[in-house]
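Excluded from the calculations below are hydrogen atoms, water molecules and symmetry mates; all remaining heavy atoms, backbone and side chain alike, are included.
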Number of protein chains: 2
Amino acid sequence: MAFTYEFPRPSVTVDSVVFGVGQDAEGNPDLQVVLIERGLEPFKGRLALPGGFVEVRDDGDRGESIDDAAYRELREEAGIKPDYLEQLCTIGDPGRDPRGRIISIAYMALVRTVDHVAVAGDDAKAAAWHSVKRVLATRNALAFDHDKILRLAYERLRVKVRYAPLGFNLLRPPFSLSELRVVYETILMRKLDQANFRRRILDMKILVEVGEQTGVPHRAGMLYRFDKRVYDKAVRDGFNFEIPQPPEGRHP
Amino acid sequence: MAFTYEFPRPSVTVDSVVFGVGQDAEGNPDLQVVLIERGLEPFKGRLALPGGFVEVRDDGDRGESIDDAAYRELREEAGIKPDYLEQLCTIGDPGRDPRGRIISIAYMALVRTVDHVAVAGDDAKAAAWHSVKRVLATRNALAFDHDKILRLAYERLRVKVRYAPLGFNLLRPPFSLSELRVVYETILMRKLDQANFRRRILDMKILVEVGEQTGVPHRAGMLYRFDKRVYDKAVRDGFNFEIPQPPEGRHP
DNA sequence: ACAAAAGTGTTACCCCTACACCCATGC
DNA sequence: GCATGGGTGTAGGGGTAACACTTTTGT
């Protein structure tokens, strides 16, 4: 089977940066990303973002949407169903892939690591969680221009988590405010004042109480879940989600 | 000449939303967008965003980058060299284009209308400025899914102009603070307090004085230009550009 | 003189950071 | 009792929205 066109055409792929908050070797919370080990050339054996070619058909049914392609590849390559998926950017420099002209649409996805402790592809590709900090600290850790994409995704996450309710896609409800705060501290890589974080989140009135902690070696705290309905209504009424910028350069 | 592949491939296009601040029929400042009248089917005669196919080659030189394609199409279709170009999103639903599977990469561009009073394509396509408000108020004003893209672009502009120095790409230096304020008022579609806007912008220290107004029927004001060097340095030092959100729902 | 925009000053208020402090629970 | 995190209170300070006011120029 072959497909012939009047003008040359590029291949189009999707690649996804899947973030989760897990734990590092010492048990500290750690921002992590799902990477696969490439089974084929080019970059065979190297780490890369999960992804693959967008399915195109030339008949009446013309194939899947780009979002669907991202979902499908995540399922096939890493067994992941993301809770949140957002388009990041499209990269298409000639020469970014040795196989030819390949345009890649990058996505950022968020998952609850607890739901995806084991991630694994079905075609002999090993998929696993890796520390974002570690990967970003390594020069050319990833195949193709995936380092660049990861860097961009992390930057986007770090900025956007402050003004959009992304954090809730990283923990399983019900959660305590401390668990939520730890997610934010992990992403923002700085400490947040417990009392003020608490007030700020609760004042938004976008969480609903769903019970109390039990068996904890301290006063039991309230457990919550994020209510998207309430959030959307609040947004329509002019509400703006916001976690403030750190005061940073202070000399007390 | 024909090009044959093992698997079917999509066509890839770029489409650009070019914004400018011009004047409406009554001489009031008006946010405008460049649209072309399509000369070919499908949607012949309808208004559409300027754009076209990304050039791909199969030989050693594999063609242009996506950004380059956006620049080239703007030049060819509307004679425009944008001062600012930013990738918006990529749309690729099967069925969005009756000609087949076409994936489109959308861009947002900003220009100084005074530099592009006459916009015109070279291949018999009429390119012209249109009121964004008017176009958005019309159902299916544009071909394909370009209404959706325009809406997305305007939303992005409205949000981003508050936290990034985009406004300066819409007026020719030197400009007065009033001219700058009018640009912001036009995009945000609300009045800004003159005194506070002035202080806020000047406190940023990202403008440099380049003379004074002359021949104006009121006290001459200072003229400025935006200094990207100074801005970049300020950003590195932790500075954040920001035009505040309107207090909106107040009952004084 | 008048209009119109430039530019400066001021105040009252809101917010919110930083910190202190009490509460409840398991060990 | 003690450690740990949950949860509440508050004083002080910074920022700024709103508005008044003065200045300068052309007609």
- line: By nearest-nucleotide position on DNA chain C, the 5'-leaning member of A:H218 and B:G221 is B:G221
[X] [atom1] to [N] [atom2]: how many Å, rounded?
{"X": "B:K191", "N": "D:dC19", "atom1": "NZ", "atom2": "C1'", "value": "17 Å"}
{"X": "A:R198", "N": "D:dG7", "atom1": "CZ", "atom2": "C1'", "value": "5 Å"}
{"X": "A:Q194", "N": "D:dG9", "atom1": "CD", "atom2": "P", "value": "14 Å"}
{"X": "A:I201", "N": "C:dC16", "atom1": "CD1", "atom2": "P", "value": "13 Å"}
{"X": "A:F197", "N": "D:dG7", "atom1": "CZ", "atom2": "P", "value": "13 Å"}
{"X": "A:L223", "N": "D:dG7", "atom1": "CG", "atom2": "P", "value": "9 Å"}

What's the closest nucleotide to the side chain of [X] if the choices are [options]?
{"X": "B:M222", "options": "D:dC19, C:dG7, C:dT17", "answer": "C:dG7"}
{"X": "B:A195", "options": "C:dA20, C:dT8, C:dT17", "answer": "C:dT8"}
{"X": "B:R219", "options": "D:dT24, C:dG26, C:dT17", "answer": "D:dT24"}
{"X": "B:P217", "options": "D:dT25, C:dT8, D:dG26", "answer": "D:dG26"}
{"X": "B:Q213", "options": "C:dA18, D:dT4, C:dA6", "answer": "C:dA6"}

- prompt: Taking the nucleotide of DNA chain D with the closest heavy atom to each, which residue, B:D193 or A:A220, is nearer the 5' end?
  reply: A:A220
Distance-only, no hydrogens or angles: does the [X] side chain make a donor-acceptor pair with backbone N or O of [Y] under 3.5 Å?
{"X": "B:Q213", "Y": "B:G221", "answer": "yes"}
{"X": "A:Q23", "Y": "A:P29", "answer": "no"}
{"X": "B:R162", "Y": "B:I243", "answer": "yes"}
{"X": "B:D147", "Y": "B:A141", "answer": "yes"}
{"X": "B:T113", "Y": "B:H116", "answer": "no"}
{"X": "B:Y154", "Y": "B:K133", "answer": "no"}

Footprint string (nucleotides 10-15 of chain C, 5' to 3'): B base within contact, S backbone only, - free, heavy atoms under 4.0 Å: B-----
- request: Please determine which of A:L166, A:N169, A:L110 meets the side-chain contact (heavy atoms from CB on, under 4.5 Å) test together with A:D83.
  value: A:N169
task: Taking all heavy atoms of A:N140 and all of A:R46, pick out the closest pair and write down the distance.
output: O-NH2, 3.0 Å
- prompt: What heavy-atom pair brings A:V210 and A:P174 nearest, and what distance separates the two atoms?
  reply: CG2-CB, 3.3 Å
field: Proximity to DNA chain D (any heavy atom under 4.0 Å), residues of residues 202-210 of chain B only
entry: none
query: Any chance the side chains of B:Y84 and B:E86 put a donor and an acceptor closer than 3.5 Å?
result: yes
message: For DNA chain C, which residues of residues 179-186 of chain B approach it to below 4.0 angstrom with any heavy atom?
response: none
message: Regarding A:K233 and A:D237, does a basic nitrogen lie under 4.0 Å from an acidic carboxylate oxygen?
response: yes
message: Assess whether a salt bridge exists between A:R151 and A:E155, defined as any Lys/Arg side-chain N lying under 4.0 Å from an Asp/Glu carboxylate O.
response: no
- prompt: Just to confirm, is there a sub-4.0 Å distance from OP1 or OP2 of D:dG6 to any side-chain nitrogen or oxygen of A:S178?
  reply: yes
